There are 2 protein chains.
Amino acid sequence: MRYDVMCPRYEQAAQLLGKKWTNLILRILMGQPRRFGEFRQQVPELSERLLSERLRELEDEGIVRRVVADRRPVFVLYELTPKGQELEAVVRSIQTWANAWICIDGQSVRTARRR
Amino acid sequence: MRYDVMCPRYEQAAQLLGKKWTNLILRILMGQPRRFGEFRQQVPELSERLLSERLRELEDEGIVRRVVADRRPVFVLYELTPKGQELEAVVRSIQTWANAWICIDGQSVRTARRR
DNA sequence: CCGGATCCTAATGGATACTG
DNA sequence: CAGTATCCATTAGGATCCGG
């Protein structure tokens, strides 16, 4: 078997999930639709620029839908699409693995390599 | 519920899986232990520098074990640890999701946003 | 209230050459 | 055979300020 070609969708999915803040945003959305400002309250360390960028990426991927309520003041909701909802299985499998193999201290598992 | 803190292990796992070439390396290792040069044959586009870097990262995470056969010429095998083997469930869940939600063309799913 | 525009720095990845 | 070392281009992310 040759492995010269990657699955582009897999790559895209994995790289998206690996980006900073993405998983946090997804988790928050898994509970319920959220407004832009709610993310900021929930995660003060996440800047508006990155929040906006991540939401846009997820929207581009069809994982998140942006719903604009057309009244004043402007009111925007972000919610998971079906595609996004099915990501929950992935998120949980990563979490399960991480929980199972967590190590307590920050030490490397790797034994010293000879130089 | 507050989401001000991320699960560091989850983050680390997701970010590792999202790095370029990592998933390919894992897939190759899931079949059987491999030698350094075998990766290069299987994936010619992957440079020695990055291959070495990825393997080292996976080793540091305790996902891959580096086994040196002490005879001439030097002979090195990389193999999955139990921790690494259990990543297969994660890889498969990502693949399942990616397969289910693949789109054929390169077009964005997102409907145009008003500017 | 919901972002966009800018600027700057750090991290990532590719190419190439060299070594125990 | 199995890597390191170096250099460079691109990308990702944080900080800050501005606008409909």
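Keep in mind it's a predicted model, so treat the numbers as computed, not measured. By convention in this document, chain letters (A, B, ...) are assigned in the order of the sequence lines, proteins followed by strands, and residues within each chain are numbered from 1.
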Nucleotide nearest [X] (side chain, heavy atoms from C-beta), chosen from [options]:
{"X": "K20(A)", "options": "dG3(C), dG14(C), dG14(D)", "result": "dG14(D)"}
{"X": "R66(B)", "options": "dG14(D), dA2(D), dG4(C)", "result": "dA2(D)"}
{"X": "F36(A)", "options": "dG14(C), dG3(C), dA2(D)", "result": "dG3(C)"}
{"X": "S52(B)", "options": "dG3(D), dA2(D), dC2(C)", "result": "dG3(D)"}

For nucleotides 15-20 of chain D, print each protein N/O atom paired with a nucleotide N/O atom at under 3.5 Å, atom names and distance only.
residue : atom : partner : partner atom : Å
dA15(D) : N6   : R49(A)  : NE           : 3.0

For this session: Sorted by first residue and then second, give each salt bridge (charged side-chain N to carboxylate O under 4.0 Å, His left out) pair with at least one member in residues 28-42 of chain A; sequence neighbours left out.
Result: R34(A)-E38(A), R40(A)-E48(A)
Atom-pair distance ([atom1] on [X]; [atom2] on [N]), nearest Å:
{"X": "E53(A)", "N": "dA5(C)", "atom1": "CD", "atom2": "C1'", "answer": "13 Å"}
{"X": "Q15(B)", "N": "dT11(D)", "atom1": "CD", "atom2": "P", "answer": "19 Å"}
{"X": "F75(B)", "N": "dC1(D)", "atom1": "CZ", "atom2": "P", "answer": "11 Å"}
{"X": "L51(B)", "N": "dG3(D)", "atom1": "CG", "atom2": "C1'", "answer": "9 Å"}
{"X": "R35(B)", "N": "dG3(D)", "atom1": "CZ", "atom2": "P", "answer": "11 Å"}
{"X": "L16(B)", "N": "dT12(C)", "atom1": "CG", "atom2": "P", "answer": "11 Å"}
{"X": "R40(B)", "N": "dA2(D)", "atom1": "CZ", "atom2": "P", "answer": "12 Å"}
{"X": "L55(B)", "N": "dC1(D)", "atom1": "CG", "atom2": "P", "answer": "16 Å"}

Exercise. Of L46(A) and G37(B), whose nearest nucleotide on DNA chain D comes first from the 5' end?
Worked result: G37(B)
Problem set entry | Shortest non-hydrogen separation from V64(A) to T81(A) and the atoms involved | C-CG2, 3.9 Å
For this session: Please report the closest heavy-atom contact between L17(B) and A14(A), naming both atoms and the distance.
Result: O-CB, 3.8 Å
Any side-chain N or O of [X] below 4.0 angstrom from OP1/OP2 of [N]?
{"X": "W21(A)", "N": "dA12(D)", "value": "no"}
{"X": "Y78(B)", "N": "dG3(D)", "value": "yes"}
{"X": "K19(B)", "N": "dT12(C)", "value": "yes"}

Problem set entry | Residues forming a side-chain hydrogen bond (donor to acceptor under 3.5 Å, both in side chains) with E11(A), sequence neighbours excluded | Q15(A), N23(B)
For this session: Go through the structure and list residues passing side-chain hydrogen bond (donor to acceptor under 3.5 Å, both in side chains) with E88(B), not counting sequence neighbours.
Result: none
Seminar exercise, completed: Residues passing the salt bridge (Lys or Arg N to Asp or Glu O under 4.0 Å) test with E86(B), sequence neighbours excluded, are none
Exercise. Excluding sequence neighbours, so at least two apart, what forms salt bridge (Lys or Arg N to Asp or Glu O under 4.0 Å) with R92(A)?
Worked result: none
